[in-house]
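Structure first, then comments.
Counting convention: from 1, in listed order, for ligands and their atoms alike.
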Amino acid sequence: DLAFSGSGLEKTYQTGETQVHALRGVDLAVPRGEMLVLLGPSGSGKSTLLNIIGGLDRPTSGKLFYRNTELTAFDDRELTRYRRAEVGFIFQFYNLIPSLTAEENVRLVTDIADDPMDPAEALALVGLAERRGHYPAQLSGGEQQRVAVARAVAKRPGVLLCDEPTGALDSSTGVRVLETLERAHNELGTTVIIITHNVGIAAMAHRVMHFRDGQIAKIEVNEHPVEPG
Ligand code: ADP
Ligand code: ADP
């Protein structure tokens, strides 16, 4: 039972005279409920692939399926609907709205979702139930990122896409953010795809895809993923 399957995915960026081949023929199969890490040097195509999986960008060629639906056949409206209904994003910088409380930031998403969690429930899942009335500036970096996780999981997405989610945090704070992702993964069965340079995070994944020059160079399988903490 696959969350995603893709074949022959290529992405070429044309800037003036210069062509950049960000993806050069990527085939992938991601089982439903998997925790997958994308690892590799800067510029190797990880974010490009994550953005295509999340419906933020389109490949130049190749096919990508979500469950049994071909995303690469979607028009813009269908892609937007897919993104809103199925995808939770977490970025390196928390992207919270500073003038809204933690709960109001989560409510932005739950107000437009089909079957959302209660915002308080989502904040409890990340251990911030008592901080729901606080503004981002009153929260530490790790706490802000946990609010971002709450916001991403509150619509019960089919997939959580995380681009360097702990990149701005020290390692123990990063581990706590990871614990909240792991809890969402365990309690909701969400497929989680994480770009990271952090080897501790890679050790928690079911599989690690190593990228090099726009291709998957190697896939490592962790028989016994490490528990966070
Ligand atoms: P990674 O996430 O592994 O660091 P990216 O997917 O961000 O790699 O980038 C892959 C390649 O595509 C890089 O050479 C990058 O400069 C290029 N690239 C990414 N986005 C764009 C864009 N919007 N326009 C032009 N080139 C881009
Ligand atoms: P960290 O060690 O995670 O970087 P900080 O030292 O920034 O955390 O903050 C420690 C605690 O103080 C956190 O629980 C944070 O929420 C709280 N805190 C930080 N700044 C404020 C503030 N302006 N108002 C209320 N609480 C704050």
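- Using a 4.0 Å heavy-atom cutoff, S42 is listed among the residues neighbouring ligand 1.
- From the protein, the heavy atom lying nearest to atom 12 (O) of ligand 1 is A22 CB, 3.3 Å.
- No donor-acceptor distance shorter than 3.5 angstrom exists from the side chain of T191 to the backbone of A3, with no hydrogens or angles considered.
- Under the 4.0 Å criterion applied to side-chain N and carboxylate O atoms, E34 and R207 are assigned as salt-bridge partners.
- At least one heavy atom of P41 sits less than 4.0 Å from an atom of ligand 1.
- Side-chain atoms of Q145 do not come within 3.5 Å of backbone N or O of G142 as any donor-acceptor pair.
- Summary of contacts: the protein heavy atom closest to atom 4 (O) of ligand 1 is G43 N, 2.7 Å.
- Here the protein heavy atom with the shortest distance to atom 3 (O) of ligand 1 is K46 NZ, 2.8 Å.
- A distance of 6.0 Å or more separates the ring centres of F65 and F4.
- Closer than 4.0 Å to atom 26 (N) of ligand 1 lies at least one heavy atom of the protein.
- Remark: the backbone N or O of L139 is paired with a side-chain donor or acceptor of Q144 at under 3.5 angstrom.
- Heavy atoms from both the backbone and the side chain of T48 come within less than 4.0 Å of ligand 1.
- The main-chain N or O of V126 is found under 3.5 Å from a side-chain atom of R146 such that the two form a donor-acceptor pair.
- Remark: side-chain polar atoms of R83 are paired, donor with acceptor, to backbone N or O of G55 under 3.5 angstrom.
- Nearest protein heavy-atom contact of atom 8 (O) of ligand 1 is G45 N, 3.1 Å.
- Interface atoms of ligand 1 facing S44, defined by a heavy-atom separation under 4.0 Å, are 1 (P), 3 (O), 8 (O).
- Salt bridge D115/R156: present, at least one basic N to carboxylate O contact under 4.0 Å.
- The closest donor-acceptor contact from the side chain of E143 to the backbone of S140 lies under 3.5 Å.
- Looking from atom 17 (C) of ligand 1 to the surrounding protein, the closest heavy atom is V20 CG1, 3.8 Å.
- When only non-hydrogen protein atoms are considered, atom 7 (O) of ligand 1 lies nearest to S47 CB, 3.7 Å.
- The nearest protein heavy atom to atom 15 (C) of ligand 1 is not closer than 4.0 Å.
- The single protein non-hydrogen atom nearest to atom 19 (C) of ligand 1 is Y13 CE1, 3.4 Å, given as residue, atom name and distance.
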